[in-house]
Structure formats: C-alpha cells, structure tokens
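What's counted below: heavy atoms across the whole structure, side chains too, no hydrogens, waters or symmetry copies. So you know, we letter chains A, B, ... as the sequences are listed, proteins then strands, and number each from 1.
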There are 2 protein chains.
Amino acid sequence: MSSRAAQKEQTRRAIVDAALRLSSARGFASVSLRAIAKEANIAPNAFYRHFKDLDDLGLALADQVGLSLRQLVRQARRRVLDAGDGSVVRNSIQMFMEFAENDSDLFRLLLGGGAGASPAFRRAIQLEVKRFTSDLVEDLIREAETSRRPIAHPELAAEAMVTIAFNLGANALDLPSDQRLAVLERIVAEVRIIMRGAEAMAAGWGSPAKD
Amino acid sequence: MSSRAAQKEQTRRAIVDAALRLSSARGFASVSLRAIAKEANIAPNAFYRHFKDLDDLGLALADQVGLSLRQLVRQARRRVLDAGDGSVVRNSIQMFMEFAENDSDLFRLLLGGGAGASPAFRRAIQLEVKRFTSDLVEDLIREAETSRRPIAHPELAAEAMVTIAFNLGANALDLPSDQRLAVLERIVAEVRIIMRGAEAMAAGWGSPAKD
DNA sequence: GACATCGGTGTACGGGTGTGCACCGAAATA
DNA sequence: TATTTCGGTGCACACCCGTACACCGATGTC
C-alpha cells in the first residue's frame with residue numbers, strides 16, 4: 001500500500017470538494033484559486049501539485065458531475081424495474097430531485113451550464129448533459145416498446161425533457177424546501193405534456209394542417 | 001434644451017453598452033467596474049456619477065433586456081396578424097432567433113439567466129423571462145380560441161416552450177451561423193411536440209392510464 | 001457677471017489575485 | 001543507512017480590484 005499516493009489522493013479530493021462547496025454560491029467561474037486553497041486547508045501553491053490550472057480543476061469537476069449523473073441513471077432504471085408502483089415519469093423526476101438535493105453543489109454546477117466559465121469547462125458540462133440525454137432516449141424507446149405506445153422523435157422529446165428538468169430543477173434548488181414540491185409537480189406536468197405530444201404524433205393524432 | 005442632461009444620458013448609455021459588450025463573453029458577473037469604464041472611455045470614478053453599484057448597473061441591464069423582449073412580443077404579434085403564411089410556431093421562433101442574433105449581447109445575458117451574478121440581478125432577469133412567458137400564455141389562449149383547438153395547461157406549456165427556446169437559442173448563439181438553422185428547426189420541432197401534447201390533453205386523447 | 005452645480009479626472013489606499021522561487025521533511029528507493 | 005522523490009510551505013512579485021479624496025472646468029442659475 002502506498003501511504004504517499006493515498007495522501008495525495010486525499011488532498012486532491014479535499015481540493016475538489018472545497019471547489020464544489022464554494023462554487024455552489026456564485027458559480028465555479030467566480031471562485032479563486034486562493035479561496036479554494038484556504039477552504040481545503042492548503043497553501044495556495046500546493047494546488048499546483050494536483051492541477052495545472054483552474055481550468056484543469058474544472059474538467060475534474062465536470063468528470064464528477066458526469067459520474068453522479070450516470071449513477072443517477074443506473075439507480076433510476078433499477079427503481080423503475082423493481083416496483084411498478086406509480087408512474088414512470090413521476091418516479092424518475094422525483095429521484096432526479098432527490099439526487100439534486102443531496103449533491104446540491106454538483107447540480108448547481110450543472111444548472112449553471114457553466115455559464116460565465118471557460119469554454120473548456122462549459123463544453124465538458126454540456127457533454128455530460130448530452131450523455132444523460134442519450135440515456136434518456138434509450139429509456140424512452142424501451143418504455144415505448146414495452147408499453148406498446150410508440151413515441152415520435154424520441155431524441156427531441158428527451159432533449160426537451162432534460163432541458164426543462166434541469167432548468168426548473170436548478171430554479172428549485174434555491175427555493176425554500178416547502179416550495180420545491182410544487183416545482184417538482186410542475187416539472188412532472190410539463191414532461192407529461194411532452195410525452196403526450198410525442199405519443200400523439202406517433203399515433204397520427206391531431207392536426208398536420210396548420211400549427 | 002439641456003446640453004447638460006443630454007451629455008449625461010449619453011455617457012450613461014456608453015456605460016450600459018460597454019457593459020453589454022463585455023458581458024457577452026464571460027457573463028455580467030465576471031466584468032469589473034474598471035474594465036467597463038475603460039471600454040466606455042471613462043475614468044473609473046465617473047462610473048459612480050451614474051450608478052451606485054455594479055448591482056445598480058445590473059438592474060439597468062435587466063431593464064433593457066425586458067424592453068427588448070416586449071418589443072419582440074409586439075413585433076411577433078404584428079407579424080403573425082399581418083400575414084397568415086407559414087406556421088405560427090415557426091414564424092414566432094424564427095423572429096425570436098433573429099432578435100437574438102441582432103441583440104446577441106442582450107440575449108446572452110438572458111441565456112445565462114444571471115447565473116453566478118448577484119441575487120438581485122438574477123431575480124430581475126428571471127422576472128423579465130416570467131413576463132415574457134405570461135405574454136406567450138395570452139397568445140396561446142387566443143390562438144386556441146381562434147383556431148378552435150383548445151389547449152390544456154397553457155401556463156405550463158408556455159413555460160416549457162420558453163425554457164426550451166431560451167436554452168437552445170442561447171446554445172445556438174455560439175455556434176457557426178450555418179449550424180444555427182438546424183438548431184432553429186430543433187426548437188420548432190420540440191415546441192410543436194409540446195403544442196401537440198397540450199392539445200391532445202385538452203381533447204382527452206391518449207392514456208390517462210399509466211404514464 | 002458672480003456663484004453654484006455637477007460630470008469628469010488623477011492620485012492613492014488597502015486588499016485580493018495568480019504564480020515563481022527556495023526550502024523543508026517525510027516517504028520511497030537504493 | 002544514504003539518497004532521491006515529492007507534497008507542502010512561506011515569501012515575494014506584479015497586477016487588478018473597488019472606491020475615497022481633492023480638484024478642475026464647463027454648464028446652468030440668479
């Protein structure tokens with residue numbers, strides 16, 4: 001066992017966690033290297049032993065965001081398969097919100113979409129969101145097959161759902177917890193509208209005339 | 001006529017424009033008072049003759065954003081009433097994208113949603129977006145009446161549409177112009193899904209069974 | 001024409017920023 | 001055990017930040 005490498009990993013984690021904690025308030029872009037070092041109980045210079053840049057740290061943060069998202073997808077799939085109680089939509093979004101509340105620091109990063117940060121960081125975050133959307137597309141298609149309700153434009157529908165959930169979800173994070181439930185209901189309702197629309201299109205229902 | 005007040009208004013505008021220009025790159029939050037002053041060809045201290053704070057400037061920017069949005073709504077309504085060519089959805093979103101490209105600095109602010117900025121600024125921006133959504137709700141209801149296609153949950157549908165248009169639109173702004181058209185089409189398609197869903201719900205189509 | 005108003009300027013301050021340099025001490029290696 | 005490696009430290013530098021102060025000069029008022 002390597003006490004050397006272990007301790008290095010430990011302070012690296014401390015740096016990442018500190019950055020996460022500080023970023024939740026005003027975004028990653030507005031956090032200084034020195035502030036992170038102080039929060040991690042580290043001399044500012046020690047930062048460079050772990051990351052080349054603040055941008056470099058940003059990529060590490062994006063990685064962790066992606067990790068958390070994939071974990072979310074896995075758990076949501078398991079939960080939906082396990083018990084068929086309640087609607088798939090509500091269950092999934094509820095789980096999403098729980099995740100967001102637990103790892104609120106991470107999800108605040110996600111919500112901001114990296115606005116105001118370096119292009120590299122922004123790209124990395126958007127990539128993770130895209131991966132998440134792809135997973136959702138799979139689920140939509142699978143669910144459509146098993147429930148025998150075909151769905152039109154699954155990619156577009158998924159993108160719309162993810163956009164709404166992330167935006168309103170982010171919005172909900174800095175709301176008192178007694179209002180968060182209402183936001184969750186709004187997300188669920190809007191996602192259902194999208195579901196219904198995609199199904200209606202697949203079924204040929206409605207007006208191709210003038211929209 | 002007051003040469004005094006006129007010149008004051010002029011440099012005030014110069015400050016606002018400079019702030020807008022600088023904010024488009026990395027967001028309003030990451031722009032310094034000194035940088036704004038330099039961009040406006042002004043001594044840093046002169047800033048205080050016009051605004052108390054950077055926050056104060058932020059509110060002025062939010063005001064201008066709101067102004068531009070209301071102008072957009074007015075023109076879109078006129079355009080839709082004038083000629084019935086093409087779909088309402090496509091026409092509206094096309095006009096939205098044109099606006100966004102012209103005043104791209106303003107819309108970049110909007111897109112960021114004020115992430116990473118002061119709470120006051122964020123609230124102001126979100127308020128303007130909310131007003132815009134309200135206007136859209138009106139239009140949806142009116143359109144539903146004249147076209148005799150009732151729509152369910154117009155507020156939720158409008159919120160979903162605005163969220164998607166703003167997010168993807170913002171996304172499109174830092175894309176080469178030859179790819180923007182594709183994004184526009186994606187927005188149109190997703191908004192149509194929402195339309196169809198809201199109409200299907202109103203018509204009672206589809207499954208209240210298990211979703 | 002004398003005076004007050006006020007937008008704009010230059011200087012200066014205390015503090016925060018990223019980062020280069022020399023150094024220490026413990027773990028890893030020989 | 002002697003030597004190398006390397007994570008961590010303290011100091012120092014040059015720069016940018018917001019903003020307080022005293023001041024100027026043109027415009028507006030009496």
Open item on the list: Nearest to the side chain of Arg4(B), heavy atoms from C-beta on, is which of dT19(C), dT27(D), dA28(C)?
Closed with: dT27(D)
- [ ] Determine whether more than 12 heavy atoms belonging to other residues, nucleotides or ligands lie under 6.0 Å from atom CG of Leu127(A).
- [x] yes
In whole angstroms, how far is the [atom2] atom of [N] from the [atom1] atom of [X]?
{"X": "Leu33(B)", "N": "dT9(C)", "atom1": "CG", "atom2": "P", "value": "13 Å"}
{"X": "Lys8(B)", "N": "dG25(D)", "atom1": "NZ", "atom2": "C1'", "value": "17 Å"}
{"X": "Phe51(B)", "N": "dG8(C)", "atom1": "CZ", "atom2": "C1'", "value": "16 Å"}
{"X": "Ile15(B)", "N": "dG18(D)", "atom1": "CD1", "atom2": "P", "value": "13 Å"}
{"X": "Ile36(A)", "N": "dG18(C)", "atom1": "CD1", "atom2": "C1'", "value": "12 Å"}
{"X": "Glu9(B)", "N": "dC6(C)", "atom1": "CD", "atom2": "C1'", "value": "16 Å"}
{"X": "Gln7(B)", "N": "dC6(C)", "atom1": "CD", "atom2": "C1'", "value": "12 Å"}
{"X": "Lys52(B)", "N": "dA20(D)", "atom1": "NZ", "atom2": "P", "value": "11 Å"}

TODO: Please check the phosphate of dG8(D) (OP1 and OP2 only) for any side-chain N or O of Thr11(A) closer than 4.0 Å.
DONE: yes
TODO: Using heavy atoms to find the nearest nucleotide of DNA chain D for Ala5(B) and Tyr48(B) separately, return the residue whose nucleotide is more 5′.
DONE: Tyr48(B)
Between the main-chain N or O of [Y] and the side-chain N or O of [X], is there a donor-acceptor pair closer than 3.5 Å?
{"X": "Arg108(B)", "Y": "Gly27(B)", "answer": "no"}
{"X": "Ser68(B)", "Y": "Gln64(B)", "answer": "no"}
{"X": "Ser23(A)", "Y": "Ala19(A)", "answer": "yes"}

- [ ] Between protein and nucleotides 9-16 of chain D, map the contacts as a letter string: B base, S sugar-phosphate only, - none, heavy atoms under 4.0 Å, written 5' to 3'.
- [x] BBBB----
- [ ] For the residue pair Phe28(B) and Phe121(B), categorise the inter-ring angle as parallel (less than 30°), tilted (30 to 60°) or perpendicular (more than 60°).
- [x] tilted
Open item on the list: Parallel, tilted or perpendicular, judged at 30° and 60°: which one describes the rings of Phe132(B) and Phe166(B)?
Closed with: tilted
Task: Candidate pair Asn167(A) and Thr163(B), rule side chain to side chain donor-acceptor pair (under 3.5 Å), full reasoning - done: CA-CA 7 Å; Asn167(A) 259 63; Thr163(B) 301; 5.3 Å; no
